[in-house]
Every structure is written in structure tokens, then in C-alpha cells.
Asks: 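I am attaching a structure below and will ask some questions about it afterwards.
Letters A, B, ... mirror the listed sequences (proteins, then strands); counts begin at 1. Predicted model, so just to flag it, every value in this text is computed and none were measured. Side chains are part of it too, since the values below use all heavy atoms of this structure and drop only hydrogens, waters and symmetry mates.
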Amino acid sequence: MFTLNPHSGIPIYRQIIEQVRWMTASDQLRPGDALPSVREIAVDHAVNAMTVSKAYSLLEAEGILVRQRGKPMTVSADLGRKESKTARLKRLAELIGPLVMAARQLQLDNDDVLAAVSKALENEND
Amino acid sequence: MTETIIKLDQLEKCFDSHEVLRSISAEVRTGDVIGLLGLNGAGKTTLLETALGFAVPDSGSTSLFGRPASAIADERIKHRIGFVPQQDELIETMKGSEFLGLIGRFYSSWNSDLIGRLARDWDVPLGKPAMKLSVGQRQKLSILAALGHEPELIVLDEPVASLDPLARRIFLQELIGMVSSGERTIVFSTHIVSDLERIANRVWVLKDGRLVVDEALDNLKESGVKVAQAGGSRFPASSGVTAGMSLEEIFLELHK
């Protein structure tokens, strides 16, 4: 189900999360679809089960997956609902961190960075 | 329930005035899969043997399941541990089936069905004496001998060095299946970093007698830089370890 690369700099649990997100966004996974068990994925891909479990728990916390007693993890029916602004800003914050770090390493000052971001936003809105 | 399975406290060990272990402190908890990395000769075997009480440290202590490792002879502790040494201890003239039968006699919980299944899955001919087996087959037989009593703690010293990639994959999958419920614990040393990256949740790197890395694998990948800068970190500040590196890159960077 997944394409996992244990040797990439991205932890496996993160790769799983990303891939489930893409699959739900592109309808490869639909609300109500069941996912393989943690153990199945761990053994098939030869990766630690804890990392799969972590991914599933985080996806559950995000509301993408739903855990039901005695049933496999399923894709949530509520996917269509828009996340709160706070939640969406939180997602953005994950990308802002690396941006700021890069800006520091490139020795660009705040105004330069803000101007660049504004420009990109404008271009996007066109 | 998580308990501390192994506790190392300031272990020191010298061989011929060479400090192999210098104040090693670490803990292994239930469900951990610890990958121990280090260059050849770094002391990985010494660390594992000392941790299990097969060798006595010059100072410091180790405890297993809450008891001092010197109590390894205690049947109740011994039965909870499976150890695969780097050099196999097979009996050359004995057939695999006989050898396993011999080992099995020491344990009341020996699961011969499990061993039978694994021998088939791993292609280990049990009808041949050890001296007629290939290196890979010997290694697999050696592993079988350590798993039959279904130990809670499995310690392996370079368990896959002689296995081809397919055999390694099958073995890893088996190990992963065994620990997937979170009640078993594994410590294995290897220099095949890629295997470790699949199965380990925690990495130890032994360098110059010290554990220069004792970190969750996910943390190593996600925050390499943070680890190097945080006060309590074991990364030397000068190391070039950054986030997003593969474990092999991290290992090489630490040894520059």
C-alpha cells in the first residue's frame, strides 16, 4: 500500500502520514475504507511496528483515520469538513520553521523574507 | 507494561590497558528494538557480553530484569533471554535437528513447532551436520537455537553478517513480527545500517569506548541539528549531523 524508504532522512512514520494524506486527498482512499493492520504493514514492509502505530495514532488525532474497537483503522467520513483556522495555521507553521532557518543561513533580513513571501502570495492569488 | 529490561550504569572495561568501555550508561525498556552501531573493533561484542553478564566489567554495574547481571545463571533470568553470539557455537558433527533438540532440553518452554516453521521458512536443512552447512545456514541455525524458548529479550551480535539480502529481509520480517505486540525486546549489533533503519526504534553508536549516540531513530532523523545544539545531547558540537540525514550518513559524519 505504501512506498516506504527507511533510508531517507524522513522518519518512516512521517512517510506513512504523508502518503495516507495524499491518498485520501486524491480519492485513492475513500471515507469508510479500511487500512491494513499495523502488524501487516510492519511485516510486509519490514519496518518497526511502533513507527506504523505512531503514524496511525497521529492520523487518528488529525481526524483522518478512525479507530473502532475490534475493527481495522478506517478512513474518516468527516474528511470533507474544513479544519479550524488554528489547525490550518498550525500546519503552515511546520513549513515556516524551515523557511526561517534557510533565511538565517542565507543571512537575509526579516524585511527581505516578508517581501518574498508577500510576492509569492500575490502571484498565487493571480 | 513497560519495565526496564537492561540497565547499564557507568560500565568500564579495559583489555590490555586499552579502554574498550568508558563509563557506559544506558537503559533498554520493554518493546525497544535497539540497534548498536560501531566500527569493527569498537567494542560492540564486549558491550553486549558485559550487559548480559557473560563478561564482568572492571567497574560499574549492569542489571537484567531488575536483577544484577551476575545472576544470569539464575534460571528464571536465563530463560527470558536469547543470545546469538557473533561466532556460532554449533556442534560440527551434530545434525541441526539434534542440536536444536539438545538446546531445547534446557528449556521448559521450548516451542518446537515454531522452530520447525522457521527452519522451513528460512530454508535451514536440519538433517545435515553443522560442518556441512554454508555460512548463512549456520548463522540461521544459530539464531533458531536462541529463539526456541520464546525469550522476552533477544540479543544478537551481528546476526545477519553472513546472510544474503533475501535471507536478511525474511529474518527481519520475522523479528518485526515477533516484536510487533510490544512485549518483546531486541538488542542487536550490526554494521549493516540499512537493516537497522528498518527495524530499530532506538540507536546506540559506540565510538572510542563511549555511547556517542543514544537516541530514538525518529529523533535522529528529524532533529539532527537540535540534538547537536541541545545542552544534554551526546553529539559533539562540532559534528556535522543535521536533520534529514540517513543513518549511514549520520554514522559516517560521526566518524570523520
Asks: Of all heavy-atom pairs between A:Pro11 and B:Asp218, which one has the smallest distance, and what is that distance?
Replies: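 Between these two residues, the closest heavy atoms are CB-OD1, 3.4 Å.
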Asks: Of all heavy-atom pairs between B:Ser180 and A:Arg39, which one has the smallest distance, and what is that distance?
Replies: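 Shortest heavy-atom separation between B:Ser180 and A:Arg39 comes out as OG-NE, 3.2 Å.
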Asks: Quick check: under 4.5 Å, non-hydrogen atoms only, which of residues 14-22 of chain A neighbour chain B?
Replies: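 A:Arg14, listed by number.
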Asks: What distance do A:His45 atom NE2 and B:Ile176 atom CD1 have between them, rounded to the nearest 0.5 Å?
Replies: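 If we round to the nearest 0.5 Å, A:His45:NE2 and B:Ile176:CD1 are 11.0 Å apart.
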Asks: Considering heavy atoms only, which positions within residues 102-109 of chain A lie below 4.5 Å of chain B?
Replies: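 The list, in residue order, is empty: none.
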Asks: So for atom CD, which belongs to B:Glu27, do other residues, nucleotides or ligands contribute more than 12 heavy atoms lying within a distance under 6.0 Å?
Replies: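 More than 12 within 6.0 Å, yes.
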Asks: Using 0.5 Å steps for rounding, measure from the CD1 atom of A:Ile12 to the CG atom of B:Leu217.
Replies: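 So the CD1 of A:Ile12 and the CG of B:Leu217 are separated by 7.0 Å.
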Asks: For A:Asn5, is it the side chain, the backbone, both, or neither that has a heavy atom closer than 4.5 Å to a heavy atom of chain B?
Replies: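 For A:Asn5, neither part sits under 4.5 Å from chain B.
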Asks: Treating B:Lys221 as the side-chain partner and A:Ser8 as the backbone partner, does any N or O pair qualify as donor plus acceptor under 3.5 Å?
Replies: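 At least one qualifying donor-acceptor pair exists.
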Asks: Only counting residues at least two apart or in another chain, list the ones meeting side chain to side chain contact (heavy atoms under 4.5 Å, CB included) with B:Leu172.
Replies: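 By the side chain to side chain contact (heavy atoms under 4.5 Å, CB included) rule, B:Leu172 matches B:Asp195, B:Arg198, B:Ile199.
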Asks: Got a sec, which pairs hit ring pair (Phe, Tyr, Trp, His ring centres under 6.0 Å) with one end in residues 163-207 of chain B, sequence neighbours left out?
Replies: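 Sorted pair list: B:Trp122-B:Phe171.
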Asks: So for A:Thr51, is it side chain, backbone, both, or neither that comes closer than 4.5 Å to the heavy atoms of chain B?
Replies: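 For A:Thr51, the side chain is the part near chain B, not the backbone.
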Asks: Measure the spacing between NE2 of A:His7 and OG of B:Ser246 and express it to the nearest 0.5 Å.
Replies: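 Reported value, rounded in 0.5 Å steps: 8.5 Å.
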Asks: Out of B:Arg169, B:Gln173, B:Glu174, which one racks up the most heavy-atom pairs below 4.5 Å with chain A?
Replies: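 If we count pairs closer than 4.5 Å to chain A, B:Gln173 comes out on top.
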